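What follows is one structure encoded as structure tokens, with my remarks underneath.
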Amino acid sequence: MGTAERGRARETGVAERSTALRRHEAADRGIPVPVRAGESAEGEGERTYRPLWVEEPARRHPTPDPVRGAAVLAVIVIAVTLVQAMVAFLCTLAGSWLAFPMVISSVVSTVVATWAVVDVWVTRQVWNQRYGVVSEPSSTARALRRERRVRRRQERDELREQERIGRRGGAGQLSHS
């Protein structure tokens with residue numbers, strides 16, 4: 001609250017101040033804010049909107065769908081494994097009959113969770129191999145394509161030269177007699 005607002009606040013009642021504060025807070029949450037009398041000479045019925053957030057461009061590309069799906073599955077499996085391990089530990093402390101089955105299931109879940117994490121890694125590698133060719137001058141794929149093009153061009157030039165020699169009718173003669 002500024003100095004001028006404090007001076008006005010002494011003159012106004014508590015109810016009016018809380019209403020003014022609520023209007024002020026609403027502006028930060030993307031809710032329409034009515035313009036108070038005396039602040040703006042034009043258009044008393046105007047409402048000002050402020051967005052809830054401002055979108056910023058992503059620094060890097062989002063994770064591909066197959067990789068994201070595998071990661072979500074891995075997180076769920078790991079969470080279930082941790083819960084099972086905690087229940088097994090508590091059952092062991094309590095001396096419950098459920099301790100042994102929970103320990104066995106926790107071991108099995110640990111193996112499954114490890115498999116899920118490896119699946120995320122493999123899925124990411126496969127996706128990068130299939131779709132992740134970087135189109136830069138230093139890319140190996142681009143260099144291989146360039147070499148292939150040069151070879152094809154040389155082969156075509158040699159074929160054209162052979163055809164041109166054959167059309168002359170010289171059939172291997174160096175000079176006409």
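The figures here come from the full heavy-atom set of this structure, side chains too, leaving out hydrogens, waters and symmetry mates. Just so it is clear, the model here is predicted, and its values are computed rather than measured.
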Same cluster for [X] and [Y] if Ile/Leu/Val/Met/Phe/Trp/Tyr side chains link at under 4.5 Å?
X: Ile76; Y: Val120; result: no
X: Val83; Y: Met102; result: yes
X: Val118; Y: Val126; result: yes
X: Val75; Y: Val72; result: no
X: Trp97; Y: Val87; result: yes

For this session: Tell me, please, which residues at least two apart from Glu55 pass salt bridge (charged side-chain N to carboxylate O under 4.0 Å, His left out).
Result: none
For this session: Might you point out which heavy atoms bring Val77 and Ala113 nearest each other, and give the distance in Å?
Result: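 So the minimum-distance heavy-atom pair works out to CG1-CA, 3.5 Å.
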Exercise. So which heavy atom on Ala70 is nearest to which on Asp119, and how close?
Worked result: CB-OD2, 3.8 Å
Problem set entry | Inter- and intrachain pairs under ring-ring contact (aromatic ring centres under 6.0 Å, His included), touching residues 101-127, at least two apart |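 For residues 101-127, and leaving out neighbouring residues, the ring-ring contact (aromatic ring centres under 6.0 Å, His included) pairs sorted by first residue read Trp127-Tyr131.
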Exercise. So, Thr81 side chain and Ser109 main chain: donor-acceptor pair closer than 3.5 Å or not?
Worked result: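 Side chain of Thr81 to backbone of Ser109: a pair is present.
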Problem set entry | side-chain contact (heavy atoms from CB on, under 4.5 Å) assessment of Arg153 paired with Arg156 | CA-CA 5 Å; Arg153 192 175 299 131; Arg156 275 187 302 214; 3.9 Å; yes
Problem set entry | N-O pairing of Arg152 and Glu155 below 4.0 Å |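 No, this pair does not count.
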Problem set entry | Inter-residue atom distance Glu158.CD - Arg160.CZ, 0.5 Å rounding | 12.0 Å
